[in-house]
Amino acid sequence: MKKSFTIKEIFLFLMVAIIFVSIFSSSTSPLYSTWSDSPDSPIFQIIGKYWVKGIIPYRDLWDLKGPFIFFVNAVGYWVTGSRLGVYGIQIISLFLTILVVFKTVRQYFPRSSSFFITLLALAGLSYTYERGNLTEEYILYPLSLSFYYILRWINDYEDKGIIQHPWKPSIIYGIVVGLCFMSRLTNALALCSAVGVISITLIYHKTYWNLIANVLAFLVGFAITTTPFLIYFSHHNALTEMWNGTFLFALKYAANSELNLSFPSIFRCILFYINSILLILVSILMVLHSKKFSLRFIIYLNTAALPFIWFCNSNGFGHYGMIVFPLFCLSVTEISKIKPALMPYLFTLFLAIGTKSIINYIFVFNQENSSVTYELEFLGQVDNIDYSSFVAYNCDPNIYLALNVCPAVKNFALQDFAISHNNLKLFSFDKLMKTFIIESFQQKKPKWILLAYNKDSKPIIHHFLSINYQLVMCDATKKLKLYKKNDNK
């Protein structure tokens, strides 16, 4: 029996994980002394950091993501008191993911080739990592493990005629969907597509008891990752707020999403979602090669196509592409069997993607965050700011981490972004968000508000500001204003 991993391989993979996260997670890595320009990671860090100190997510600090990502950041800050704890969790998560990727490709390639292919998979991942600490990366390990078991079942089905699907992997499927349910539901699209085809296959072959066993196992996994959060927020009377942040606003935001169809945007999206595109092409190649529609083809095509359809109807953010990272293993193993002459071209493509990512991080992303620098300099001109009652409006959320202050309003970051970024306005999303933002400010009325403004449009709270606040300072060059609450308000 072959050893899964040697001590040397485990050590090398750990070093690879440390190097990868250190280079590409500019929002948490100690290699970067300046604040990253990532808008999402600091929001997750802020909620996690102050969750440890007693605030309740959604009730006290709000964002339209599920609680799992806040929990990860809370654990990181609980362990170290800083973003280094999050950095450590990222390394562990990626290390486990690398082991699964290596184990998957090891079924088809020698050890040396498997190691190189694993590095190529990471090269593709680097382009979608987007400064790290995002919802997708923390499900990569169980998601990759799920596809490892799905690939094994496909092989057993086609090579050995084994129809029944083992029930134990379904627990992992349920865990993944539960984590996505508690972070970003669309992250489960690829896995749900594969699980759906497997379920239909079991029904077709009338293996109902096996289907029932897998459904029950799936529900157990789902409950493991969702029940603790539901109990916690119910206990703290914040369950409604959690549902709103996790689903209501998130689904309306998703429904209002649309892709930028400019050429540079399309080119970036091809690189972002290359693993979906690659597996779709491989699926077509499989049919041309075998002259039949196999179960493997159906699973591969659906698994790649469903997320890709979502990508094409989304805002086109690069980190969405992380959810199809495990599909690289499916593509590379299939190409090696049916068209090995294409392997050098595949290697070249992913090496180029990885090289571009490294260049981006060395020469582009490793720059001072000018927004935070300007905001700190601007605030430094006033001596008596009460940061215990302070909020930044439309500013870089890193400002809270730089000042080491907890926001005084639960809707504390990117307040106008969700509305201004969307054009379809389905389900009255803009009206819903406007009401929510204004009410959150009316409820707390913080003493100080730092506003980053756009001269071409008024902030949503402009009427609230005109009634309750006085302008203390304005910088037309940096487009910053500082407001103080009127004493009689």
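Note that the numbering runs from 1 along the sequence shown for the chain.
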Determine whether more than 12 heavy atoms belonging to other residues, nucleotides or ligands lie under 6.0 Å from atom NE2 of H462. yes
Inter- and intrachain pairs under salt bridge (Lys or Arg N to Asp or Glu O under 4.0 Å), touching residues 381-407, at least two apart: D386-K447
Quick one: are V177 and C192 in side-chain contact, heavy atoms under 4.5 Å? yes
Non-neighbouring partners of D63 that pass side chain to side chain donor-acceptor pair (under 3.5 Å), sequence neighbours left out: none
Pair E130, F272 - check side chain to side chain contact (heavy atoms under 4.5 Å, CB included), show working. CA-CA 10 Å; E130 292 211 315; F272 289 153; 4.2 Å; yes
Ring centroids only, cut at 6.0 angstrom: are F68 and F181 within range, meaning strictly under it? no
If you round to the nearest 0.5 Å, how far is CG of L376 from CG of L403? 5.5 Å
Determine, for Y469 and K485, whether the Lys NZ or Arg CZ falls below 6.0 Å from the six-membered ring centre while staying within 45 degrees of the axis. no
Tell me the closest heavy-atom pair linking W448 and N384, and the distance in Å. CZ2-O, 3.7 Å
If the condition is ring-ring contact (aromatic ring centres under 6.0 Å, His included), which residues does F441 pass it with, not counting sequence neighbours? Y393
Are any side-chain N or O atoms of E241 and backbone N or O atoms of R59, one a donor and one an acceptor, separated by less than 3.5 Å? no
Main-chain N/O of I69 paired to N73 side chain as donor or acceptor, under 3.5 Å: yes
Side chains of T104 and F147: does their closest heavy-atom pair fall under 4.5 Å? no
Can you find a heavy atom in the side chain of D475 that is under 4.5 Å from one in the side chain of K479? no
Nearest atoms (heavy-atom pairs only) where C180 meets I139: SG-CD1, 3.6 Å
OG1 of T246 to CG of L185: how many Å apart, nearest 0.5 Å? 10.0 Å
Verify side chain to side chain contact (heavy atoms under 4.5 Å, CB included) between S234 and I231, making sure each step is shown before the conclusion. CA-CA 5 Å; S234 178; I231 292 174; 5.8 Å; no
Run the ring-ring contact (aromatic ring centres under 6.0 Å, His included) check on W62 and F436 step by step: do they pass? CA-CA 11 Å; W62 186 91; F436 176 61; 4.7 Å; yes
What residues, two or more places apart in sequence or in another chain, satisfy ring-ring contact (aromatic ring centres under 6.0 Å, His included) together with F350? F328
So side-chain hydrogen bond (donor to acceptor under 3.5 Å, both in side chains) across residues 373-382, not counting sequence neighbours, yields E368-T373, E377-K478
Over 60° means perpendicular and under 30° means parallel, so classify the ring planes of F317 and Y320, tilted if in between. perpendicular
Heavy-atom side-chain proximity of F325 to L140 below 4.5 angstrom: yes
What's the separation between atom OG in S38 and atom CG in L134, rounded to the nearest 0.5 Å? 5.5 Å
Listed partners of Y483 passing ring-ring contact (aromatic ring centres under 6.0 Å, His included), at least two apart: none
Which atom names give the shortest non-hydrogen contact between S193 and T303, and what distance separates them? OG-N, 3.4 Å
For the student: nearest non-hydrogen atoms of S389 and P446, plus distance: OG-CA, 3.4 Å
Any pair counted as side-chain hydrogen bond (donor to acceptor under 3.5 Å, both in side chains), so long as it reaches residues 40-56, sequence neighbours left out: S27-S41, S41-Q45, S41-N133, Q45-Y77, K49-N404, W51-Y232
Would you say the ring centers of F102 and F115 fall short of 6.0 Å from each other? no
Find out whether I18 and M15 are in side-chain contact, i.e. whether some heavy atom of one side chain is under 4.5 Å from a heavy atom of the other. yes
Results of side chain to side chain contact (heavy atoms under 4.5 Å, CB included) for L271 - residues two or more places apart only: Y127, F267, I353, K356
Spatial distance of atom CG (L122) from atom CZ (F13) [nearest 0.5 Å]: 9.0 Å
Side chain to side chain donor-acceptor pair (under 3.5 Å) partners of T226, counting only residues at least two apart: none
Taking atom OH of Y387 as the centre, report whether more than 12 heavy atoms of other residues, nucleotides or ligands fall under 6.0 Å from it. yes
I would like to know whether F308 and Y273 meet ring-ring contact (aromatic ring centres under 6.0 Å, His included); could you show each step before the answer? CA-CA 7 Å; F308 187 69; Y273 313 137; 7.0 Å; no
Over all heavy atoms of both residues, which pair between N369 and S36 is shortest? Give the atoms and the distance, please. ND2-O, 2.9 Å
With rounding to the nearest 0.5 angstrom, report the CG to OG distance, L471 to S466. 12.0 Å
Distance-only donor-acceptor pairs under 3.5 Å for side chains of residues 84-98, two or more places apart:
from : atom 1 : to   : atom 2 : distance (Å)
Y87  : OH     : S22  : OG     : 2.6
Q90  : OE1    : S25  : OG     : 3.3
Q90  : OE1    : T28  : OG1    : 2.5
Q90  : NE2    : S25  : OG     : 3.0
Q90  : NE2    : Y129 : OH     : 3.3
Q90  : NE2    : E137 : OE1    : 3.3
Q90  : NE2    : E137 : OE2    : 3.1
S93  : OG     : E137 : O      : 3.3
T97  : OG1    : S93  : O      : 2.8
T97  : OG1    : Y141 : N      : 3.1

Considering only heavy atoms from C-beta outward, does the side chain of R131 approach that of F24 to under 4.5 Å? no
Let me confirm one number: the CD1-CG distance from I270 to L278, rounded to the nearest 0.5 Å. 13.0 Å
With a 4.5 Å heavy-atom cut-off, do I358 and S126 have their side chains touching? no
State whether the side chain of Q415 and the backbone N or O of N394 hold a donor-acceptor pair below 3.5 Å, judged by distance alone. yes
Going by the rule side chain to side chain contact (heavy atoms under 4.5 Å, CB included), which residues pair with P307 if we only count those two or more places apart in sequence or in a different chain? L189, A190, S276, F311, I323, V324
Can you confirm whether V176 sits close enough to L145 that some side-chain heavy atom of one is under 4.5 Å from a side-chain heavy atom of the other? no
Can you sort out the partners of F229 under ring-ring contact (aromatic ring centres under 6.0 Å, His included), two or more places apart, ordered by chain and number? F71
As a quick check of understanding, evaluate ring-ring contact (aromatic ring centres under 6.0 Å, His included) for Y149 and Y173, giving each step before the final call. CA-CA 10 Å; Y149 284 113; Y173 306 161; 7.7 Å; no
Could you go through F412 and Y400, starting from their C-alpha distance and side-chain angles, then the distance that decides it, and tell me whether this counts as ring-ring contact (aromatic ring centres under 6.0 Å, His included)? CA-CA 10 Å; F412 65 95; Y400 299 108; 5.6 Å; yes
Kindly determine whether V16 and L119 satisfy side chain to side chain contact (heavy atoms under 4.5 Å, CB included), including the steps that lead there. CA-CA 8 Å; V16 168; L119 295 182; 4.0 Å; yes
